[in-house]
Trainee: 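Before I ask anything, let me first share the structure, which is written out below as structure tokens.
Computed from heavy atoms alone, side chains included, the values below leave out hydrogens, waters and symmetry copies. As the structure is a computational prediction, the values presented were derived from the model and not from experiment. Numbers here simply count residues along the sequence, with the first being 1.
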Amino acid sequence: MVESTVFRAPTLSEYAPNLVVIGLVMTGLLRTPRMGLLFGLGIGLIQDIDYGRFLGETAFAYAVIGYLAGYFRHLVLRESALLAILVTGLASELFAWVTYGEARLLEASGTTLHEVIRSSSKTALVSMFLCCCSTQPYPQGF
């Protein structure tokens, strides 16, 4: 029997949010840009050492995301759930595009542009939904 790919059900991994990006955005929004940058760099280096193709791929992307999240907070000068949700979506997209760009620059990826567009938009939407659900309990943890 020939399996058709047109009507297949999507797997759960296609809709998996990047929980590290959500945590970095919340850290950047609730603290300073420098704290977001340092958390992103540290978590990214640990992830690169354990799982990365080369050292610095995710560390750079996470550091940029943490810094920009803190920078957006200083632009707005107040905490809001809508800002956290929007920045989380943008950060998820940014992470996918930065890692794709680094891999293409170093010719270390077989991922196509179409795959990146499709997966990054799904990940961003699920991350935004998860951020929407966690905006109230997260600030109380700090």
Trainee: What about Phe60 and Ile43, same hydrophobic cluster or not, with Ile/Leu/Val/Met/Phe/Trp/Tyr joined at side-chain heavy-atom distances under 4.5 Å?
Mentor: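 Phe60 and Ile43: one cluster.
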
Trainee: Once you round to the nearest 0.5 Å, how far does OG of Ser127 lie from CG of Leu90?
Mentor: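 One finds 11.5 Å between OG of Ser127 and CG of Leu90.
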
Trainee: In the single-linkage hydrophobic clustering (I, L, V, M, F, W, Y; side-chain heavy atoms under 4.5 Å), do Phe39 and Leu94 co-cluster?
Mentor: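 Yes: a chain of side-chain contacts under 4.5 Å links Phe39 to Leu94.
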
Trainee: For Arg104, give me all partners under side-chain contact (heavy atoms from CB on, under 4.5 Å), at least two apart in sequence or on another chain.
Mentor: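 Checked Arg104 against side-chain contact (heavy atoms from CB on, under 4.5 Å); matches are Tyr100.
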
Trainee: Indicate the atoms forming the closest heavy-atom contact of Gly44 with Tyr62, along with that distance.
Mentor: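 Answer, listing the atom of Gly44 first, then Tyr62: CA-CD1, 3.6 Å.
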
Trainee: Using the rule that two of Ile, Leu, Val, Met, Phe, Trp, Tyr join whenever any of their side-chain heavy atoms come within less than 4.5 Å, decide whether Val87 and Tyr71 are in one cluster.
Mentor: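 Val87 clusters together with Tyr71.
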
Trainee: Atom SG of Cys131 and atom CD1 of Ile85: how far apart are they, to the nearest 0.5 Å?
Mentor: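 Taking SG in Cys131 and CD1 in Ile85, the distance rounds to 5.5 Å.
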
Trainee: Quick one: closest heavy-atom pair of Gly56 and Glu102, and the distance?
Mentor: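 Heavy-atom minimum between the residues: O-OE2, 4.2 Å.
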
Trainee: Linking Ile, Leu, Val, Met, Phe, Trp and Tyr by side-chain heavy atoms under 4.5 Å, what else ends up with Leu106?
Mentor: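 Reading the cluster by chain and number, Leu106 sits alongside Phe54.
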
Trainee: How long is the span from the OG1 atom in Thr99 to the CG atom in Asn18, to the nearest 0.5 Å?
Mentor: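 That separation rounds to 9.0 Å.
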
Trainee: Checking Leu125 now: which residues fulfil side-chain contact (heavy atoms from CB on, under 4.5 Å) with it, not counting sequence neighbours?
Mentor: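 side-chain contact (heavy atoms from CB on, under 4.5 Å) check on Leu125 returns nothing, list empty.
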
Trainee: May I ask whether Ile65 and Leu45 are part of the same hydrophobic cluster, defined by side-chain heavy atoms of I, L, V, M, F, W, Y residues being less than 4.5 angstrom apart, directly or through others?
Mentor: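 Per the 4.5 Å side-chain linkage, Ile65 and Leu45 are not co-clustered.
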
Trainee: Please list, chain by chain and in numerical order, all residues satisfying side-chain contact (heavy atoms from CB on, under 4.5 Å) with Leu19, sequence neighbours excluded.
Mentor: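 Expected list: Pro17, Ile22, Leu130.
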
Trainee: side-chain contact (heavy atoms from CB on, under 4.5 Å) with Ser121: which residues, sequence neighbours excluded?
Mentor: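 Testing Ser121 for side-chain contact (heavy atoms from CB on, under 4.5 Å), a comparison that skips the adjacent residues, returns Glu93.
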
Trainee: Is there a path of hydrophobic side-chain contacts, each under 4.5 Å between heavy atoms of I/L/V/M/F/W/Y residues, joining Val64 to Leu83?
Mentor: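 The answer is yes; both residues are in one hydrophobic cluster.
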
Trainee: Kindly write out the residues that satisfy side chain to side chain donor-acceptor pair (under 3.5 Å) with Glu115, not counting sequence neighbours, or none if the list is empty.
Mentor: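 For Glu115 there are no side chain to side chain donor-acceptor pair (under 3.5 Å) partners, ignoring immediate neighbours.
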
